[in-house]
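Protein chains get the first letters and strands the later ones, always in sequence-line order, with residue 1 at the start of each.
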There are 2 protein chains.
Amino acid sequence: MEKQTVTIYDVAREAGVSMATVSRVVNGNPNVKPATRKKVLDVIDRLDYRPNAVARGLASKKTTTVGVIIPDVTNIYFASLARGIDDIAMMYKYNIILTNSDENSGKEVQVLNTLLAKQVDGVIFMGNNVSPELKAEFDRSRTPIVLAGSVDPTNTQPSVSIDYKAAVHEGVARMLKRGYKRVAFVSGPLDQPINSEYRLAGYKDALADAGIDYDEQLVFETDYSYQAGYDLQEALTAVDATAAFVGDDELAAGVMNGMNDAGISVPEQFEILTSNDTKLTEIVRPKMSSITQPLYDIGAVAMRLLTKLMNNEPVENKNVLLPYGFVKRGSTNSNEV
Amino acid sequence: MEKQTVTIYDVAREAGVSMATVSRVVNGNPNVKPATRKKVLDVIDRLDYRPNAVARGLASKKTTTVGVIIPDVTNIYFASLARGIDDIAMMYKYNIILTNSDENSGKEVQVLNTLLAKQVDGVIFMGNNVSPELKAEFDRSRTPIVLAGSVDPTNTQPSVSIDYKAAVHEGVARMLKRGYKRVAFVSGPLDQPINSEYRLAGYKDALADAGIDYDEQLVFETDYSYQAGYDLQEALTAVDATAAFVGDDELAAGVMNGMNDAGISVPEQFEILTSNDTKLTEIVRPKMSSITQPLYDIGAVAMRLLTKLMNNEPVENKNVLLPYGFVKRGSTNSNEV
DNA sequence: TCTATTATTGTAAGCGTTTGCAGATATTGC
DNA sequence: GCAATATCTGCAAACGCTTACAATAATAGA
């Protein structure tokens, strides 16, 4: 007794109208006489009719779903962006197909293709490295794709992020101004442009401004995990670093705890400035000073931008930079400013 | 010059076969002569043909996508489950439509309906409270729905979780055994069965076992936020609580930091046992002792269970309970065990 | 009252695949 | 060399809905 699914045809028959009319009322088309509309609505209600979105997608060539490629949902930074994305998506009646990529280029390409095969109306990509193959896929796709919290050095893809280079530049400059000479730069993989071409570049700029020579020994390249940061303590003290700019909060929490556990107290003996201002910065002790960035908004704005692109609305600026700032918390000393 | 999408028909024409044959090779149907298969494959490659999943979904009545309802991706506990879900889903060639519900019953019902309208092949629900309305939707749906890390007291819905009641019972018993008389119970909303019918019940059982009277003053009902926990300090000390079992890690971190910041040091003057063993427990200082539960696996097993349900495979046990355990870390004193 | 308009509604052709059935080929056994 | 089987292929009908375009009904103007 498999309950038969009720189709638009059933509704039409019951209501004594054509399916075109039913379709119209379902889609809020105004060209329907109020009386007719009510009649149809009643039948829909009675039959508990639910339009089949797949059929609708086939016929209209719109699925009202967008794909979201995320490195790892478990990473609070990306999860925060994802939340912004989903909220706005919902607001515009879109759903999100979420897939983890682990920043694996092959997987990213593959996932993008299945997303496109599913006819998503658009996609939002989060990831710190747009590989050439991926870039190629982006280019040949007619589906709008926007980057969120990520950068593509070629600046050819719509994106929403902050000015990473300037932010790091300013953040490091502040530490330098406070007298720290040995400020380490610890980040994720340097083959990711966001780390090499933006953050590291900003770091170098700050150094240059302060007239300090760039010392490669102070640059630490690791993965984004807490443990990786934690394990950095020895190496950090070995090169006499007395402060560090860290490219990720979880990573930063790791180096902070690693230092503290080794008896090098933060911030007294070692300052730390982290990058993402996730809630982790508040939970950890001492709390971490950080570059601030509107995480939720990056996602939200990216999604909003995507809606415009999907509707072929004109977009003034395809590469939006949201404002960043700084919060001074416990992992940094309170000298001037 | 809108690039025309290439359809199965184009491939058929080019390859000089019928679309049925193309369909067969695309779907790996073995009834195709190798030579024909190769010919088709070549054309597919040359034309860069990508099957339209929507059309496929309409025709086959399968979308290979499952819906996932999550309270909030930003919550590390649920995000961890989600990761397990997505990995297994991907392994079985499914995609995930992820939507945040904020544990809002109305939103949950609404979201479930749009998911079903999109013809997902199954759904995984995370949330601590299955409202009657939602339950009703579950019941009338022919689409399999499994609960992950969540419980439905009626035990009528397939689910994967741990035995919350037993875990809390044991955890609190351990604290009691160490001599704590005033163990507080702090959790999220008590109108959520997981808190009232499971955790609180376990707490009461432990009390009973130890011959200690249940004191309602020791029960704290809040929301799951860090801040809520942080703000609990005064109330907690007001009732002379000397330890607490907390139902959520972020909440627990809040309680711990609140106490510590108020000069009540954990664990010397106040013990804390938390529930979810997320990475937060390791990042915080002191680290938090916790009930351990296989977060990733709960999601993974739930998804695996769902695949079976979607394929009408027989399932021995529709309500799987995964094992839990305990880790002693810094927020708890190291007395016997 | 009659015609020109405008508001409603119906017709039917897709949308791109899957699939049951039937026809066409190729194999195998004698 | 021929019938009986086993393999391959092609046909064409769905799948459930959207949407030009055509048809019909309602309303307005003269």
Side-chain angles (χ1 to χ4, degrees), chain A residues 2-41 43-44 47-65 93 114 116-121 142, chain B residues 2-41 43-44 47-65 93 114 116-121 142:
Chain A
E2 178 80 356
K3 192 199 322 174
Q4 208 47 67
T5 70
V6 3
T7 74
I8 197 175
Y9 182 74
D10 298 317
V11 176
R13 183 165 30 68
E14 284 298 305
V17 300
S18 71
M19 26 189 292
T21 298
V22 177
S23 176
R24 291 194 188 91
V25 347
V26 167
N27 292 297
N29 184 315
N31 300 330
V32 180
K33 197 196 306 182
T36 308
R37 179 189 308 284
K38 176 166 186 345
K39 186 171 55 178
V40 173
L41 249 17
V43 174
I44 285 180
L47 264 44
D48 192 31
Y49 166 70
R50 268 212 222 80
N52 178 321
V54 173
R56 183 143 39 177
L58 218 213
S60 70
K61 292 174 167 304
K62 287 192 181 316
T63 55
T64 63
T65 105
K93 312 287 189 194
T114 92
L116 295 177
K118 292 210 170 174
Q119 315 297 117
V120 294
D121 297 334
R142 275 173 301 159
Chain B
E2 178 79 355
K3 191 197 323 173
Q4 210 45 69
T5 70
V6 4
T7 73
I8 197 174
Y9 183 74
D10 298 318
V11 176
R13 183 167 29 67
E14 285 297 305
V17 300
S18 71
M19 31 190 286
T21 297
V22 176
S23 175
R24 291 195 187 92
V25 347
V26 166
N27 292 297
N29 184 315
N31 300 330
V32 180
K33 197 198 302 181
T36 308
R37 178 188 309 283
K38 177 167 185 343
K39 187 170 52 176
V40 173
L41 249 18
V43 174
I44 285 179
L47 264 43
D48 192 31
Y49 165 70
R50 269 212 222 81
N52 178 322
V54 173
R56 191 161 6 196
L58 217 213
S60 69
K61 292 173 168 304
K62 289 193 180 315
T63 56
T64 62
T65 105
K93 311 287 189 197
T114 92
L116 294 178
K118 292 211 170 174
Q119 314 298 121
V120 294
D121 297 333
R142 274 174 300 160

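Comparing C:dT9, D:dC11, C:dG16 by their nearest atom to the side chain of B:Thr5 picks out C:dG16.
Residue pairs meeting the salt bridge (charged side-chain N to carboxylate O under 4.0 Å, His left out) criterion with at least one member in residues 51-65 of chain A: none, sequence neighbours excluded. For residues 10-33 of chain A, the pairs satisfying salt bridge (charged side-chain N to carboxylate O under 4.0 Å, His left out) are A:Asp10-A:Arg13, A:Glu14-A:Arg46, with sequence neighbours left out.
Residue A:Thr7 has no polar side-chain atom (N or O) positioned under 4.0 Å from OP1 or OP2 of D:dG16.
With rounding to whole Å, A:Lys118 atom NZ is found 16 Å from C:dG16 atom C1'. When the P atom of D:dC15 is taken as reference, atom OH of A:Tyr9 falls 12 Å away, rounded to whole Å. Taking atom CZ on A:Arg13 and atom C1' on C:dG10, their separation rounds to 17 Å, with Å as the unit. Remark: P of C:dA13 and CE of A:Met19 are 13 Å apart, rounded to the nearest angstrom.
Contact check of residues 49-65 of chain A against DNA chain C (heavy atom, cut-off under 4.0 Å) returns A:Leu58, A:Ala59, A:Lys61. Using a 4.0 Å cut-off on heavy atoms, the residues of residues 21-32 of chain A that approach DNA chain C are A:Thr21, A:Arg24, A:Asn31, A:Val32, listed by number.
For the residue pair A:Thr63 and B:Lys118, no side-chain donor N or O sits within less than 3.5 Å of a side-chain acceptor on the partner.
Mapping A:Ile8 and B:Arg37 onto DNA chain D by nearest heavy atom places B:Arg37 closer to the 5' end of the strand.
Not counting sequence neighbours, B:Ala59 has no partner by the side-chain contact (heavy atoms from CB on, under 4.5 Å) test.
Rounding to the nearest 0.5 angstrom, the gap separating the OH atom in A:Tyr9 from the OG atom in A:Ser18 is 11.0 Å.
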*Can you list the steps and then say if B:Asp121 with B:Thr65 is a side-chain contact (heavy atoms from CB on, under 4.5 Å)?*
CA-CA 6 Å; B:Asp121 297 333; B:Thr65 105; over 6 Å; no

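Looking at every heavy atom in both residues, B:Val32 comes nearest to B:Asn29 through CG2-O, 3.6 Å. Across B:Asp48 and B:Val6, no two heavy atoms sit closer than the pair O-CG1, 4.3 Å. Shown here for B:Val26 and B:Pro51, the closest heavy-atom pair between the two residues is CG1-CG, 3.8 Å.
Two end axes, each from the C1' atoms of five base pairs, can be drawn for the helix from C:dT1-D:dA30 to C:dC30-D:dG1; they diverge by 30°, to 10 degrees.
Within the 4.5 Å cutoff, side-chain heavy atoms of A:Arg142 are placed close to those of B:Thr5. With contacts defined as side-chain heavy-atom distances shorter than 4.5 Å, the pair B:Lys93/B:Thr64 does not qualify.
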